There are 2 protein chains.
Amino acid sequence: MTLSIGMLARRAGAKVQTIRYYEQIGLMAEPIRTYGGQRRYEEDAVKRLSFIRHARALGFSLDQIRNLLELADDPKRDCTAADSIAREHLAAVKAKIAALNSLKRELIRMVDCCDGTDTAHCRVIETLANHDLCASPNHEPVQ
Amino acid sequence: MTLSIGMLARRAGAKVQTIRYYEQIGLMAEPIRTYGGQRRYEEDAVKRLSFIRHARALGFSLDQIRNLLELADDPKRDCTAADSIAREHLAAVKAKIAALNSLKRELIRMVDCCDGTDTAHCRVIETLANHDLCASPNHEPVQ
DNA sequence: CTTGAACCTACATCTATTGTAGAAATAAGA
DNA sequence: TCTTATTTCTACAATAGATGTAGGTTCAAG
């Protein structure tokens, strides 16, 4: 039994358009079509799409996922390569957590000092207007 | 003394194109022009742009910044409004940290089990292929 | 055979920039 | 004043990772 794109979407937790998008960028193979031109998928497409969605949920980029899929497709899997992609991503995640934590501290500082009575001096706005806090130029915005 | 767009960029830590973009979307006012058509900025543009860049560095969206700027421009500042924007953002940051922390745990689990000798069973790939880990459909990818 | 849901393509939209091409303006030095 | 290097100008395209839309077709059930 084959699956329509909508059924595949439900099975793997993705939007229909997202599947077509993945096909377009070459992450999912072009499936067979009905005489009317509709896509029909085999069971293994569910696995592949689930893999992609899960990796996305873990924050891997589509490029990283493309690499992981190549490794997964390879019969003589190179575990160390997949491992290093995951490690690299782990390091990025750790760095992002650290950045967000210092961000959190600064936000708490902004928010804590404002008791709502002193409307003339708004801590939030003053903090953002304060040049010292972003003294170094060309800092990257933390997403 | 007025500033060229390049000097403003250097003073506030932004790219020239970014300034033109901010003007285009109405975050920065249109400055006066020379007879030749080049932009010339007053000193206060440095402050405003620094405010924006700093807020961006703290992860505020341009829409949030637009709101903060309106509040900052208002002579009778409503501190509580700015405060609630910052609090809202703080909550989002906290949520993102929590999501990244569980992500980190899962990545560590993936990576720790692979000692590099057992190449037949790649933990990383198997974890991603495992359906159970993302059982609920329509989960949002954590950015 | 009809009807409504799902599907098709192609294009636009979103965020927040960054990069490009090709032309014009400006500032500094000779 | 002339030249030249740097900067600036506009307009458009690209990035990631999808999502939304319009207008039309196909499919499956009754």
Side-chain angles (χ1 to χ4, degrees), chain A residues 1-28 30-41 45 49 52-67 69 89 92 96 137-143, chain B residues 1-28 30-41 45 49 51-69 89 92 96 137-143:
Chain A
M1 248 297 273
T2 56
L3 300 163
S4 72
I5 194 169
M7 297 182 65
L8 172 60
R10 269 188 296 279
R11 292 274 303 275
K15 293 262 164 75
V16 165
Q17 281 110 313
T18 306
I19 297 172
R20 288 197 277 247
Y21 170 68
Y22 287 165
E23 180 184 322
Q24 198 186 310
I25 62 170
L27 264 191
M28 296 285 291
E30 290 183 25
I32 54 166
R33 302 269 187 150
T34 62
Y35 288 112
Q38 299 196 354
R39 292 166 177 84
R40 285 302 119 98
Y41 294 90
L49 184 53
I52 298 172
R53 293 311 293 170
H54 189 199
R56 282 296 297 135
L58 290 176
F60 287 91
S61 72
L62 290 185
D63 250 15
Q64 291 175 313
I65 293 169
R66 198 186 300 272
N67 289 331
L69 280 169
H89 182 52
K96 196 167 268 186
N138 295 325
H139 46 262
E140 294 287 305
V142 179
Q143 175 60 329
Chain B
M1 246 296 270
T2 56
L3 301 163
S4 71
I5 195 169
M7 296 182 65
L8 172 60
R10 268 188 297 279
R11 292 275 303 273
K15 292 261 161 76
V16 166
Q17 282 110 311
T18 307
I19 297 172
R20 288 197 278 247
Y21 169 68
Y22 287 165
E23 179 183 322
Q24 199 185 309
I25 62 169
L27 266 190
M28 296 285 291
E30 290 182 26
I32 53 165
R33 302 269 187 148
T34 62
Y35 288 112
Q38 299 195 352
R39 291 168 178 83
R40 286 300 120 99
Y41 293 91
L49 184 53
F51 184 103
I52 298 172
R53 293 312 294 170
H54 189 199
R56 282 296 297 135
L58 289 176
F60 288 91
S61 71
L62 289 183
D63 248 17
Q64 290 176 315
I65 293 168
R66 197 187 301 272
N67 288 330
L68 288 170
L69 279 168
H89 183 51
K96 198 166 267 186
N138 294 326
H139 44 262
E140 294 287 305
V142 178
Q143 174 61 328

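In what follows, chains carry the letters A, B, and so on, assigned in the order in which the sequence lines appear, proteins first and then strands, with residues in each chain numbered from 1. Every heavy atom of this structure was used, including side-chain atoms; hydrogens, water molecules and symmetry mates were not. This structure is a prediction, so every number in the text was calculated from the model and none was measured.
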Within a strict 4.5 Å, meaning less than it, do heavy atoms of the B:Tyr22 and B:Ile65 side chains meet?
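They are not in contact (no side-chain heavy atoms under 4.5 Å apart), so the answer is no.
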Think A:Tyr21 has a side-chain N or O under 4.0 angstrom from the OP1 or OP2 of D:dA16?
no
Kindly say if B:Thr18 contacts the phosphate of C:dT18, meaning a side-chain N or O under 4.0 Å from OP1 or OP2.
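Yes, such a contact exists.
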Where is the tightest heavy-atom contact between [X] and [Y], given as atom of each residue plus distance?
X	Y	value
B:Ile19	B:Ile5	CD1-O, 3.7 Å
B:Arg53	B:Ala14	CD-CB, 3.9 Å
B:Ile25	B:Arg66	O-NH1, 3.0 Å
B:Pro31	B:Arg40	CB-O, 3.4 Å

Given C:dA16, D:dT8, C:dC8, the nucleotide with the shortest approach to the side chain of B:Ser61:
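Between C:dA16, D:dT8, C:dC8, the one nearest the side chain of B:Ser61 would be C:dA16.
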Residue A:Arg53, side-chain atoms from C-beta onward, closest of D:dA18, C:dA16, D:dT19
D:dA18
Could you state the [atom1]-[atom2] distance from [X] to [N], rounded to the nearest angstrom?
X	N	atom1	atom2	result
A:Arg56	D:dA16	CZ	C1'	8 Å
B:Ile32	D:dC9	CD1	P	12 Å
A:Ile25	D:dA14	CD1	P	16 Å
A:Gln17	D:dT21	CD	C1'	9 Å
A:Ile5	D:dT19	CD1	P	13 Å
A:Arg11	C:dA6	CZ	P	17 Å
A:Arg10	C:dA5	CZ	P	13 Å
B:Leu27	C:dA16	CG	C1'	11 Å

In B/S/- notation (B base, S sugar-phosphate only, - none; protein heavy atoms under 4.0 Å), nucleotides 25-30 of chain D written 5' to 3' is -BSS--
Would you say B:His89's side chain and B:Gln64's backbone share a donor-acceptor pair under 3.5 angstrom?
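Here the side-chain-to-backbone pair does not exist.
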Quick one: list whatever passes side chain to side chain donor-acceptor pair (under 3.5 Å) with A:Gln17, sequence neighbours left out.
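Applying side chain to side chain donor-acceptor pair (under 3.5 Å) to A:Gln17 gives none.
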How is B:Arg20 classified with respect to the nucleic acid when contacts are heavy atoms under 4.0 Å: base, sugar-phosphate, or nothing?
base
